[in-house]
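Worksheet for the structure shown next.
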Amino acid sequence: MFKRILWESLQEVAEHPMLVRIAFLTWFVHTLASFWRFGYTFYVILEKNVDISSIEWTLWEYIKAIFDVAAGKLSFWTTVSIIIALAIGYVFLYPIGHGMMISYIQDHSGVKALRSALKKYFTITITEWLLAAVTFGGFHLLALRYFYQRGILWNILVEILILLVASFVLGCTFLYAYGNIAAVTDTFDTSRPADQAREALKHSSHVAVSHPMTTLKFMLLSLFLELRFFVTTIVVIAIPAFLVRVALQLWIVSNESAVATVMICIGLLLIASIYINSIIDAFFTVYRYKLYNELKQTPEE
């Protein structure tokens, strides 16, 4: 069943490119945020461990320079504008786009998908907020990064705290693995969005507990697909920096224009990587949808 659904999901995405277009709009902000998270994590590690007191234009110094430039060039109102834009993206683009993707898989109609997404907007949004509260996906990048930055990562109390929180996150991730699909596809006993969101999480928990091994396989696949942001960060930051370093050695570009050149290359690669991630996200959404609906009709393992 697992492999069959994988193949069917690949075929679905290949036959319906509209799914990739919806995914591009849905995940644009998410991809940017993930890229920044991974990149800034590298920056913290390098800043703490690499001697960058003298500028010799090494690869690591380029990474630090990029984040220094980004932090130093942004004015207060520019920063506020970016935060507002990201908030709008998360609050509106993702719920509507996610609902459209699931509905499009069912009907293959863009108009019907939009109507369905708008109808379920509040249910999807509340479900996502609940999932974000209990399955904080960036925990390992945020908490561990700050513990590391302050030099207390190896404190026994901090390690126990990390273990407890990580156990809670993994448990919730397992139980609510299908929550955002259930919020769109399931029929509920109430018309109130908050109650519908809670029912969606209950439905997800029931399916996960009824099919634990399949859900664990699904979680491993999810983790594998999330690693693409790690690869994206390496490609988007390291490759331009490496190429510019070579160009500096050959006197093709000057030190003054090096960071600007890197920034332009990063922008182009970032757009390309977002599109590639959209294809992956479209496939993963189709797969999660098909798996959830089949497991609901399959006897317990």
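Here the structure is a predicted model, which is why all the values come from computation and not from measurement.
From L175, atom CG reaches atom CG of L170 across 11.0 Å, with rounding to the nearest 0.5 Å. Note that CD1 of I102 is 10.0 Å distant from CD1 of I22, once rounded to the nearest 0.5 Å. The CZ atom of F122 lies 13.0 Å from the OG1 atom of T127; values are rounded to the nearest 0.5 Å. The CD1 atom of I126 lies 9.5 Å from the CZ atom of R192; values are rounded to the nearest 0.5 Å. With values rounded to the nearest 0.5 angstrom, I124 atom CD1 is found 12.0 Å from L131 atom CG. Taking CG from D107 and CZ from R115, the interatomic distance works out to 11.0 Å, rounded to the nearest 0.5 Å.
Counting heavy atoms from C-beta outward, T215 and F174 have side chains that approach closer than 4.5 Å. Looking only at side-chain heavy atoms (C-beta outward), F188 and H203 come within less than 4.5 Å of each other. Put simply, the side chain of H211 does not reach to within 4.5 Å of the side chain of K296, judged on heavy atoms. No side-chain heavy atom of T285 sits less than 4.5 Å from a side-chain heavy atom of L19. Within the 4.5 Å cutoff, the side chain of F284 has heavy atoms near those of the L221 side chain. Using a 4.5 Å cut-off on side-chain heavy atoms (C-beta onward), V184 and S103 make contact. Contact check for L291 versus Y178: side-chain heavy atoms found under the 4.5 Å cut-off. Contact annotation: the side chain of M18 approaches that of R21 to within less than 4.5 Å [non-hydrogen atoms, C-beta and beyond].
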Give the intermediate values and the outcome of side chain to side chain contact (heavy atoms under 4.5 Å, CB included) for residues Y176 and S205. CA-CA 6 Å; Y176 305 139; S205 299; 3.2 Å; yes
For a side chain to side chain contact (heavy atoms under 4.5 Å, CB included) check, start with the C-alpha distance between Q106 and Y289, then their side-chain angles and the critical distance, and finish with the verdict. CA-CA 10 Å; Q106 295 175 308; Y289 166 82; 3.0 Å; yes
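Clustering ILVMFWY residues whenever any of their side-chain heavy atoms sit less than 4.5 angstrom apart, transitively, puts I181 in the very cluster that holds L118. F218 and L10 fall within the same hydrophobic cluster, defined by Ile, Leu, Val, Met, Phe, Trp and Tyr side-chain heavy atoms under 4.5 Å apart, directly or through other members. Residues F168 and W129 do not share a hydrophobic cluster, clusters being chains of Ile/Leu/Val/Met/Phe/Trp/Tyr side chains in contact below 4.5 Å. Under the 4.5 Å side-chain heavy-atom criterion for Ile, Leu, Val, Met, Phe, Trp and Tyr, L220 and V209 are members of distinct hydrophobic clusters. In terms of hydrophobic clustering, with Ile, Leu, Val, Met, Phe, Trp and Tyr side chains grouped at heavy-atom distances under 4.5 Å, L157 and L164 are assigned to a common cluster.
Between the side chain of S9 and the main chain of I5, a donor-acceptor pair closer than 3.5 Å is present.
Annotation for A177 and S204: closest pair N-OG, 3.4 Å, computed over non-hydrogen atoms. Here the shortest heavy-atom pairing between S278 and A23 reads O-CB, 3.4 Å. Nearest approach of K120 to T185, heavy atoms of both residues: NZ-N, 4.5 Å. When every heavy atom of Q196 is checked against every heavy atom of T190, the shortest pair comes out as NE2-O, 2.9 Å. In this structure, E199 and D189 approach most closely via the heavy-atom pair OE1-N, 3.3 Å. Heavy-atom minimum distance, N180 versus H98: O-NE2, 2.9 Å.
Around atom NZ of K202, no more than 12 heavy atoms belonging to other residues, nucleotides or ligands sit under 6.0 Å away. The local environment of OH in Y121 is crowded, with over 12 non-hydrogen atoms from other residues, nucleotides or ligands closer than 6.0 Å. Within 6.0 Å of NE2 in H206 there are 12 or fewer heavy atoms belonging to other residues, nucleotides or ligands.
Checked options V286, N293, V13; the residue passing with I105 is V286 (criterion: side-chain contact (heavy atoms from CB on, under 4.5 Å)).
Ring geometry for Y275 against F24 counts as tilted: the plane angle lies between 30° and 60°, on a 0 to 90° scale.
A salt bridge does not link K290 to E294: none of the charged nitrogens lies less than 4.0 Å from a carboxylate oxygen.
Looking only at atom types and distance, the side chain of E12 has a donor-acceptor partner in the side chain of H108 under 3.5 Å away. Between Y292 and D186, the side chains place a donor N or O and an acceptor N or O closer than 3.5 Å (distance only, hydrogens not considered).
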